[in-house]
Amino acid sequence: MSKKVALRTEECIACGLCYGSVPTVFSSDEGGQAYVSDPNGADEATIQSAIDDCPVSCIYWEET
């Protein structure tokens with residue numbers, strides 16, 4: 001079983017940390033709401049850093 005990064009947009013506070021630190025994986029809409037634009041855009045350690053830094057813990061690993 002593998003995993004991919006996911007984000008609960010309804011919990012996101014649009015702080016910008018994820019797309020500011022890993023723009024190859026995360027993007028934002030016009031209102032600053034984050035979303036996963038490319039789940040394969042960085043290595044697991046880099047993505048894990050964004051998960052760890054999220055102030056509301058809305059980024060997580062999803063089993064696929």
Note, Leu17 side chain near Cys54 side chain (heavy atom, < 4.5 Å): no

Residue list, side-chain hydrogen bond (donor to acceptor under 3.5 Å, both in side chains) with Ser27, at least two apart or on another chain: Ser37

Atom of Ala34, atom of Cys18 and distance for their closest heavy-atom approach: CB-SG, 3.6 Å

Salt-bridge present (Glu63, Lys4; N to O < 4.0 Å): no

Inter- and intrachain pairs under salt bridge (Lys or Arg N to Asp or Glu O under 4.0 Å), touching residues 17-40, at least two apart: none

Residues forming a side-chain hydrogen bond (donor to acceptor under 3.5 Å, both in side chains) with Ser2, sequence neighbours excluded: Thr64

Contact list for residues 45-61, test salt bridge (Lys or Arg N to Asp or Glu O under 4.0 Å), sequence neighbours left out: none

Closest contact, heavy atoms only, Cys12 versus Cys58: CA-SG, 3.9 Å

Transitive ILVMFWY cluster of Phe26, excluding itself - 4.5 Å side-chain cut-off: Val5, Leu7, Tyr19, Val22, Val25, Val36, Ile47, Ile51, Ile59, Trp61

Listed once per pair and sorted, the side chain to side chain donor-acceptor pair (under 3.5 Å) pairs that draw on residues 5-17, sequence neighbours left out: Arg8-Glu11

